[in-house]
Chemist: 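Let me give you the structure first, and then I'll get to my questions.
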Amino acid sequence: MKRTLALAVLAALIATGCATTQAPVRSDPTYEQAAKDQFTSTNRAAVNALVEGLNRDTYGQAPILVATIVNINDLRRSAPLGRLLSEQYSGQLVSRGYNVKELKLRGDVFVQEGTGELLLSREIKDIARQHAASVVLVGTYSPAANVTYINLKLVRTEDGRILRAHDYALPNDRDVMRLLAGGR
């Protein structure tokens, strides 16, 4: 009887030990959770803050170009994060009623594989003139330990004057880190 009891206790301990070493079950987000995604809403809010106070009479109808947001430490390269941010900024500007030109449909914009559309200061005037744009949204991101800092600017193409600027940060959560790492 003691032996049977000891074996039962031993079996229970082994079963308990096995149960605690199982891998956690992955919980995929639902569509409802995805619709409430803070990454997207934070980027939309950044565009709203950027255009707040912009003179719509002067700049509201002229085409706006959106450059790829680039890594501040390497202005010729952008991770998927920078390209996604640019896409979201473009979409938010359109939803606010701005006239945004899609650069990917044109063959005359400087595009480097893996970087997207880059508008560097010496190229802004020529590209803007080709697209009849008076304003360009440019920006940089800078990954730090816990957050990625983002700086956005609306630049007047005529003279390079910064019309509006806005800074914000994204938490370096799993999604942001994956986008910074190249989407791997």
Chemist: With rounding to the nearest 0.5 angstrom, report the CG to NZ distance, D167 to K153.
Modeler: 8.5 Å
Chemist: With V66, which of L85, V138, L137, V94 fulfils side-chain contact (heavy atoms from CB on, under 4.5 Å)?
Modeler: L137
Chemist: Within the structure provided, determine whether L180 and Y141 are in side-chain contact (heavy-atom separation under 4.5 Å).
Modeler: yes
Chemist: How far does CD1 of I64 sit from CG of N99, to the nearest 0.5 angstrom?
Modeler: 7.5 Å
Chemist: Taking the side chain as everything from C-beta on, heavy atoms only, tell me whether V51 gets closer than 4.5 Å to R164.
Modeler: no
Chemist: Membership question, hydrophobic clusters at under 4.5 Å side-chain separation (ILVMFWY): are M177 and V147 in the same one?
Modeler: no
Chemist: If we only count heavy atoms from C-beta on, is the N43 to L170 side-chain gap below 4.5 Å?
Modeler: yes
Chemist: Quick one: list whatever passes side chain to side chain donor-acceptor pair (under 3.5 Å) with T148, sequence neighbours left out.
Modeler: N172
Chemist: Identify the heavy atoms of S95 and Q92 that sit nearest to each other, and give their distance.
Modeler: OG-O, 2.9 Å
Chemist: Could you tell me if E87 and S90 have a donor-acceptor pair between their side chains, going purely by distance under 3.5 Å?
Modeler: no
Chemist: Check whether any side-chain heavy atom of V135 lies under 4.5 Å from a side-chain heavy atom of Y98, and answer yes or no.
Modeler: no
Chemist: Please examine the side chains of F39 and D175, heavy atoms only from C-beta on, and report whether any two atoms are closer than 4.5 Å.
Modeler: no
